[in-house]
Amino acid sequence: MPEDTSILIELGALLFGLGLLGRLSRRIGFSPIPLYLLAGLAFGHGGLLPLAASEEFIAVGSEIGVILLLVMLGLEYSAGELVGNLRAAAPAGLIDAVLNALPGAAFALLLGWGWLAAVVLAGITWVSSSGVIAKVLGDLGRVGNRETPVVLSILVIEDLAMALYLPLLTALLAGVGLVRGGIALGVAMLTVGLVLVVALRFGNLISSALSAGDPEALLLGVLGSTLLVAGIAAKLQVSAAVGAFLVGIALSGPVAHHATELLSPLRDLFAAVFFVFFGLVTDPRDMPPVLLPALVLAVVTVGTKLLTGYLAARRVGVGEPGRWRAGLALAPRGEFAIVIAGLAVSAGTVEPKLAALATAYVLITVVTGPMLARLPDTVWFKQWLRGRADNRVRQPLPTPD
C-alpha cells in the first residue's frame, strides 16, 4: 500500500505541474513540448528528484500517448485521401529517404564507427517524430492547412518504411543469416499489407459497428480497437503508430467526428506523459561529451528536412508559406530514433557513444522543432516572404535578341 500511495503522490504532483507548464506556455504563445521535456529531464535519471515509483506507469502512458496522437490524425482523413496522398507523395518519400538517411550514415563513417553504426544512424536521422509533429500541428491549428496532407503522407511513408527497416536492422544487429532476415522482412510486409487492406476495404463495416449516439460505448470501442490494432502491429515488429493511424483512417462519418471530440482530452493528457517520459529516461550527465557532434548533425538534418518538405509541398502546388511550414514541421525526430538507438545498444555490436549521441540529437530537434514550426507565422518571416515575392515581380524580363 505505501508504494501505491507513492505512485499517486508522484503522478498527482507531476500532472499538476504539467498543467501549470501548459498554462504558462499558452500565455506566452509557446509550444508546451520543450517544457514537458525539460520537466522529464529534471525528474528522470540523473535529474534533481527521480520519480522511481511511477516510472513504469508513465512508460505505458507514453506509448498510449503516441498511439492517440496518430489515431486522431487518422480521423481527419478518409481512406481515399490516404491512398491519393501516398501515391502523390511517393517521390517525396524517396527524396526524404535520400536527403535525411545519407547524412546520418556519413556522420557515423566519419567518426569511424563502422558500417553497422552507419545503418543505425541513418535510420535515426531519416525518420521524423510522428508524435511530436502531430502535437505541434494540433497546437498551431494547422490540421486543416493545405500543406498538412503532404506532411502526413511523408510521415506515413516513413512509418511504413520503418515497418520494414526495424526487422531488417534487428537481423543485422543479431548477425543472423539472410534467410532469417528475409523471413522477418516478409512478415513485416505481410502485416502492413493486411492492415492496409482491412482499413481501406472494411472501414465502413468498422464504423457501422460503433454507435455515434452512445458516447461511452463509442469511446471504449474506438480506444479499445486502436490499442488492440497498435499492439498487434507492434507484436509483429510493425510500427504501432502505423496501426493506430490506419484505425483512424478506417473510421468515417459521424463516428469519426464524435470520436475526435471524445478522444481529444485523452490525447492531450497522454501526449504530455509521452514527452515527459522521453525526458525521464535521459540522463543529462551523458550529454556534454556528444553535444557538439549532435548539434552539428541536427543543423545539417534540419536543413535536409526543410528541403524535403519544401520540395514535396511545391510539387503539389502549395504556396510558398505552406512550403516553409511543411519543411519546418518535419524537423523533430523522436520515438523511432530512440527505439533504433535502443536496439543498437542492447545488441552490443555498435559504438556505445551512439546512444548518447542519438539522445542529445533527438532532444535538440524536439526542443527546437516546435520553435522552428512557429517561424512562418511570425511577422518578420511574412515580411521576408513578401519581399522575396516583390523582388521576383520586379525582375526585368529578358530582352529578345
Determine, for Arg374 against Asp139, whether the closest basic-nitrogen to carboxylate-oxygen distance falls under 4.0 angstrom.
no
Are any non-hydrogen side-chain atoms of Ile340 and Tyr165 less than 4.5 angstrom apart?
yes
Can you see which heavy atom on Leu328 is nearest to which on Leu372, and at what distance?
CD1-O, 3.4 Å
Locate the shortest heavy-atom distance separating Val362 from Ala337; write the atom from each residue and the value.
CG2-CB, 3.5 Å
Over all atoms of both residues, closest heavy-atom pair of Gly309 and Ala326:
O-CB, 3.8 Å
Atom CG in Leu15, atom CG in Leu20: separation rounded to 0.5 Å?
11.0 Å
Could you walk me through whether Ile58 and Leu11 pass side chain to side chain contact (heavy atoms under 4.5 Å, CB included), step by step?
CA-CA 8 Å; Ile58 294 172; Leu11 282 177; 4.0 Å; yes
Heavy-atom closest pair (Leu297 atom, Pro103 atom, distance to 0.1 Å) is CD1-O, 4.2 Å
Measure the spacing between CG of Leu111 and CG of Leu357 and express it to the nearest 0.5 Å.
7.5 Å
Restricting to side chain to side chain donor-acceptor pair (under 3.5 Å), what partner residues turn up for Thr308, sequence neighbours left out?
Asn100
What's the shortest heavy-atom distance between Ala360 and Val290, and which atoms?
CB-CG2, 4.1 Å
Partner set under side chain to side chain donor-acceptor pair (under 3.5 Å) for Tyr361, not counting sequence neighbours
Thr301, Arg333
Would you check if Leu375 and Trp380 make a side-chain contact, meaning some heavy-atom pair closer than 4.5 Å?
yes
Between Thr148 (side chain only) and Arg142 (backbone N and O only), is there a donor and an acceptor less than 3.5 Å apart?
yes
Heavy-atom side-chain proximity of Leu311 to Arg314 below 4.5 angstrom
yes
Which pairs, with at least one residue in residues 291-301 and sequence neighbours excluded, count as a salt bridge (charged side-chain N to carboxylate O under 4.0 Å, His left out)?
none
Going by the salt bridge (charged side-chain N to carboxylate O under 4.0 Å, His left out) test, which pairs reach into residues 290-312, not counting sequence neighbours?
Asp96-Lys305, Glu158-Lys305
Taking the side chain as every heavy atom from C-beta outward, state whether Val71 and Arg267 have any pair of such atoms under 4.5 Å apart.
no
Run the side chain to side chain contact (heavy atoms under 4.5 Å, CB included) check on Lys353 and Trp113 step by step: do they pass?
CA-CA 10 Å; Lys353 291 181 182 177; Trp113 289 354; 4.0 Å; yes
Would you say the side chain of Leu354 lies within less than 4.5 Å of the side chain of Ile124, judging by non-hydrogen atoms?
yes
Does Trp324 have any ring pair (Phe, Tyr, Trp, His ring centres under 6.0 Å) partners at least two apart in sequence or in another chain, and if so, which?
Tyr310, Phe381, Trp384
Output for pair (Arg146 CZ, Arg325 CZ), nearest 0.5 Å, gives 11.0 Å
Does any non-hydrogen side-chain atom of Glu147 lie less than 4.5 Å from one of Arg323?
no
Distance check, rounded to the nearest 0.5 Å: Ile133 atom CD1 versus Ile154 atom CD1?
9.0 Å
Does the side chain of Pro215 come within less than 4.5 Å of His258's, by heavy atoms?
no
I'd like to check Leu330 versus Leu155 (side-chain heavy atoms, cut-off strictly below 4.5 Å). Are they in contact?
yes
For a quick test of reading the model, state the closest non-hydrogen atom pair linking Val276 to Leu18 and the distance between them.
CG2-CD2, 3.5 Å
To the nearest 0.5 Å, what is the distance between CG on Leu137 and CG on Leu152?
6.5 Å
Under 3.5 Å donor-acceptor pairs involving side-chain atoms of residues 216-229, not counting sequence neighbours:
from	atom 1	to	atom 2	distance (Å)
Ser225	OG	Gly221	O	2.9
Ser225	OG	Val222	O	3.0
Thr226	OG1	Val222	O	2.7

